[in-house]
Amino acid sequence: MNIREDARRAARKVLEQGKAQGVLGLREAGDGVSPHLFEDPGDIDSLVVEPKWLLAKLATGILKDLPDDYRLAVMCRGCDERAIVELIKRNQLDGAKIHVIGLACSQEQARACLCTRPYPSEVAAGDVVEGVDPFQDERARTFLEGDQRERMIRWATELKRCVKCYGCRNSCPICVCVPCKLEDDLWVGRGEIPADLISFHLIRAFHLSDTCVACGACQDACPENIPLMLLQISMRAFLMQEYGYEAGTDRERRSPMLSDLTKEPSPGYEIPGWVDSLKDSV
Amino acid sequence: MARCWRNRFRDAWCDMSNRVSNEIKGNTKKTGRGPKAIIFACRWCALIGADGAGKNRVQLPLNFRVIPVECAARVEPDSIIRAFSYGIDGVGVLGCHLGGCRYHNANHRALKRLDLLRKLLDTVGIGSGRLLTSFGTAHEYHQFAAILNEFFQGLREFPPIDEWARAQMTDAGKG
Amino acid sequence: MDSKKTVICVLCRCYGEISDVIDLDSLKNMLTDHPLVSSAEIRDCLCLEANLEGLSETIRQSGTGKVLIAACSPLARGDPILRGLEQRGIHPADLELVEIREGCVWIHKDNPQGATGKAWDLINMGLASLIRKERSEDTTTLVRHEVVIVGAGPAGLAAAASLGQLGVKVHLVERGKRPGGMLNLISKVAPDETGPQEKLAPYLKAVDENTNITYYASTHIASVEGTVGDFAISLQAGETGHTIHAGAVIVATGAQALLPQGLYRYKELKGVLSAIELERHLKAGPVQARRIVFIQCVAARDQARPYCSAICCPVSLKNAMALRKEHPEAEVSILHRDIICPGSTLEHYYRRAMAKGVKFIRFEEQNPPVIEGEDQVSTVRVYDTATGIMRELDTDMVVLSTPLAAHKDAHGLVRMLALTQDHLGFFEVQPLMHPVETTVPGIFICGSARWPVLADRAITQGEAAAMKAFCLVSGQEIAALGLSQFKGEKFAIARVDQEACTGCGNCVHICPYDACTLGLVDGASKSTVDPMRCTGCGTCVAVCPNGSIQLPEQDAVVIGEMLAQSFS
């Protein structure tokens, strides 16, 4: 499989050329696969690139324990790189310490994640395939469009299985807050099983609205297979449509939610006089 | 977790809030009261409209409560979501018109953010119509009254929000 | 006594207005059982002085902390009640007013039972706010009785003269060799047609003679540190540099004339010049041309620059009349899209120009005049919207009136002062009746740096900025909470729980006043709030991912609990 060979070649080169002191990637270990920090070019023979395993959060964690001058290379899929860009923007990662080795995802992987951008900005291994439009997927559409009441029941049915394991929050590369609002009784009632449907998931979803990179870590982590990625899709589409903004694609551009209308969407934006949501079509 | 200034409040209110939120949900089922709404009113414009409505004895729907804020931009989306989770059917955020924010276009951020929140509310089926935003159209008392009445009219079309809670409890609608 | 029961509740009957609809007795009884309330009583007409006195006495004697008053709206008598109690020594953070008159009784008159229930909810919400709110900590800073004025054009000179007269120490900094700004480039000042030196003479005299004013020529600003009350500004003049301190800064850096690059065959044909170049010719001596065409709104009032530059019409009128005066046989036409001459002085100026034989032809944006010629300009063709005729004007000089544009980066000042600019580059001022104040406390702005203006208006604005600066620096010290532009104090000053702060920078980017900055605390990025800049709007609170930044007067817990208590 040439993606594996290309990835190994790229990782070895990075170490040999001294671009980074270590490569964070996946290693075949026993019957399975686990993340590993490759520091010796000789070890790279055991580096693998399957399955999808998001390393951005790990990278943030281990950099804290590594020496200050350590440069870490990370085997990144598109979403991983976007997560790293968002973390850099939000001052959780030092951009100078990260070197991205880009991996493109396959068509099957893109379809499985309903990913609109299954490739990083620079690809070292793998063939670039076109993104998938989640609105074309039959099952996804039932959660995004259609009759409102049916949609509500569908979401309620899914979310009622939530046991508040916090897996989604823990695995999300962007979620770094300590303390976290989701653990605060003020925002999310404690001791309720099933969890309060609205507060936990909607607060989490909206916190990520303009910074979610659609990596799917939340959904992959959920033991109840709740389609959490679908919560974000409409908001991401709105940001792209109104502001041309996609989280994680630009290191300099902060969320358009933080500026006034004359900066985003555009300097010449004509500010409407009086607006209310009853008059405008919702 | 050292958040002493926040935990200071835990004592009397903590259990009360949980009990109260269940009561709100319960009450709607029992009494069949009309929709309930929370209105975040900016001190510099919408609150003046609300005040004017009172001064002019305009009769308004009973079930709304006003929370005054210094600027509409203060309103956290999390508070809006929390209100829905407490069983409150509608939330309004009323601020100054977009060229006239006393805090230098802070209300622009509020508008953008709330438009985005509406997308999420729509996705999960709560309905974007439950979130009312009005920037500049609630400064006069008759405007405030008109907006409130129209909002409530819309809310009455929606099922009460604790249908979510009921959908949660029963096995209705196996998606 | 239960330590939680700290609140005294006072319900006002309001002469029957409230008590006729709401069952105050039942409210009082329920309140007495409330876990947070130490006592509840019904009184009448709290707003009367005698009653306020009695109430404050009761509060003082009870020894508990807080008071909740359920009465009329703050906009009616509620605010005077609160002020009256505060004057009698009760801390504002210990007071809460719940409006049950305008907010409940008067809008639900037909439903006494419902209104009573709603009043109970409103009082509970008020209790939630009261037992938790705090007054933001105030910081004070000493104010230097000195002002730095950047730019010695008409605005800057007028400001300096005014301040010097008021006894304030003034540092007038000019990057050019001589003062006067754009007035040095023009022949006469419109509309009064005085010479530039004559116009500026009184101000130059004041600057010269007043020992309070120090004038720095050929000096530019290298850096600005500090905050309102004590700005440390380092000046650079050639090789030498030194630092001055000031309580306030007035920015009067002016603007520049845009050159009509690529328009109307500018630089292609001889005889096509920009308005500022015509000024130079007029200063040098009589002009040769006898058939002159002015074109207004060049690169102005279009998509890219959707503004009127205010000065171009009076200036063209001035020059047109000057040309006609020199050579009465000269044919002078002004091609315009509108002649903007507001006010009676400018209107008379316009009519005078018409009377002096200047011709006016109106064209439309979609159909601009066409310049013809080979090597030298020969003809201008223009569609006259008044007559519907395509005119052909023989010409030997075309003058293009271009707008004033902001200095790009204002010579580095934008970076140094963190002022906000609009998308055209002009500095932004506070909205709503603060025409010379920027979003940064202590920094004022006047003249064309703010918006293109004629010299008269620049002078007026300079004097206005001087007054505003004087108000700021005339005291001994200023307090952060008191820096509110309207009467009264700021609502709050944001406060960061640095332990919880993740350093994401949302607050830094969203603050309309750039009051938050990120700094390293023990190696981690943390946000700090500048209390002078913060206005207490709460925009930052709404975007903080874990609620580390809050307004002490109304934090997230207050709102959350108000929601929980809202419907019982």
Side-chain angles (χ1 to χ4, degrees), chain B residues 1-3 5-6 8-9 11-13 16-18 20-21 23-24 27 33 36 38 40 43 47-48 50-60 62-71 73-79 82-83 86-88 99-106 109-110 113 145, chain C residues 4 35-36 73-76 99 101-111 114-115 117-118 121-122 125 128 131-132 420 428 430-432 439 486 491-492 497 499-500 510 512-513 535-539 541-543 547 550-551 553-557 559-568:
Chain B
M1 285 174 268
R3 307 191 315 280
W5 64 263
R6 204 177 307 173
R8 257 195 293 143
F9 204 59
D11 43 30
W13 287 124
M16 240 188 173
S17 316
N18 275 332
V20 166
S21 66
E23 269 165 36
I24 296 176
N27 267 337
R33 269 161 48 159
K36 304 184 291 291
I38 290 276
F40 288 98
R43 183 157 87 104
L47 207 58
I48 297 178
D51 195 66
K55 277 214 279 283
N56 287 281
R57 314 298 199 273
V58 178
Q59 300 301 294
L60 294 173
L62 183 67
N63 288 330
F64 76 95
R65 309 284 185 262
V66 170
I67 294 184
V69 286
E70 185 66 13
C71 177
R74 166 72 183 82
V75 180
E76 297 167 76
D78 294 345
S79 308
R82 195 63 172 126
Y86 276 148
I88 289 163
C101 180
R102 183 199 170 326
Y103 290 104
H104 204 80
N105 295 336
R109 284 98 168 156
R113 188 163 60 228
Chain C
K4 290 196 205 91
L36 296 169
S73 144
L75 296 169
E99 61 168 292
R101 191 180 74 175
E102 281 84 340
C104 184
V105 170
W106 280 356
I107 53 176
H108 305 307
K109 283 176 108 92
D110 302 324
N111 191 347
K118 181 163 171 174
D121 289 334
L122 291 174
M125 289 163 77
I131 69 166
R132 193 170 162 80
T420 19
E428 282 192 301
Q430 288 272 26
L432 305 178
T439 50
F486 287 118
F491 174 67
D497 175 358
E499 230 181 284
I510 206 178
Y513 300 93
T535 55
C537 61
T539 310
V541 180
V543 290
Q550 294 290 347
L551 301 180
E553 279 75 355
Q554 192 183 52
D555 67 13
V557 180
I559 303 253
E561 290 307 329
M562 285 173 96
L563 288 175
Q565 298 306 312
S566 53
F567 294 91
S568 61

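Each chain gets a letter, A, B and so on, in the order the sequences are listed, and its residues count up from 1.
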Closest heavy-atom pair and its distance - C/Ala542, B/Pro77:
O-CD, 3.9 Å
Would B/Tyr103 and C/Thr439 count as a side chain to side chain contact (heavy atoms under 4.5 Å, CB included) here? Give the steps.
CA-CA 9 Å; B/Tyr103 290 104; C/Thr439 50; over 6 Å; no
Partners meeting side-chain hydrogen bond (donor to acceptor under 3.5 Å, both in side chains) with B/Glu76 (sequence neighbours left out):
A/Lys181, B/Arg74
Just how far is it from atom NE2 of C/His108 to atom CZ of B/Phe64, taken to the nearest 0.5 Å?
5.0 Å
Over all atoms of both residues, closest heavy-atom pair of C/Ile107 and B/Gly54
CG2-CA, 3.7 Å
Hey, does C/Ile510 have a side-chain heavy atom less than 4.5 Å from the side chain of B/Arg113?
yes
Proximity breakdown for C/Glu99 and chain B, heavy-atom pairs closer than 4.5 Å:
side chain
Using non-hydrogen atoms only, which part of B/Arg109 is less than 4.5 Å away from chain C: side chain, backbone, both, or neither?
side chain
Between C/Gln554 and B/Pro68 (side chain of the first, backbone of the second, donor and acceptor by atom type, cut-off under 3.5 Å), is there such a pair?
yes
So which of B/Leu60, B/Val66, B/Leu47, B/Asp78 has the biggest tally of heavy-atom pairs under 4.5 Å with chain C?
B/Leu60
Let me know if B/Phe40 has heavy atoms under 4.5 Å from chain C in its side chain, its backbone, both or neither.
side chain
In terms of the angle between their ring planes, are B/His104 and C/Tyr513 parallel, tilted or perpendicular, with boundaries placed at 30° and 60°?
tilted
How long is the span from the CG atom in C/Asp110 to the CG atom in B/Leu62, to the nearest 0.5 Å?
11.0 Å
Between C/Lys109 and B/Val58 (side chain of the first, backbone of the second, donor and acceptor by atom type, cut-off under 3.5 Å), is there such a pair?
no
When rounded to the nearest 0.5 angstrom, what distance separates CZ in B/Arg65 from CE in C/Met562?
12.0 Å
Residue among B/Val75, B/Ile38, B/Asp51 with most heavy-atom pairs under 4.5 Å to chain C
B/Asp51
Once you round to the nearest 0.5 Å, how far does CD1 of B/Ile67 lie from CE of C/Met125?
4.0 Å
Could I get the full list of side-chain hydrogen bond (donor to acceptor under 3.5 Å, both in side chains) partners for B/Asn63, not counting sequence neighbours?
none
Please examine the side chains of C/Pro512 and B/Asn105, heavy atoms only from C-beta on, and report whether any two atoms are closer than 4.5 Å.
no
Measure distances from C/Ser73 to the heavy atoms of chain B and classify the residue's part below 4.5 Å as side chain, backbone, both or neither.
both
CZ (B/Arg57) and CH2 (C/Trp106) are apart, to the nearest 0.5 Å, by 4.0 Å
In terms of heavy-atom proximity below 4.5 Å to chain B, should C/Ala492 be classed as side chain, backbone, both, or neither?
neither
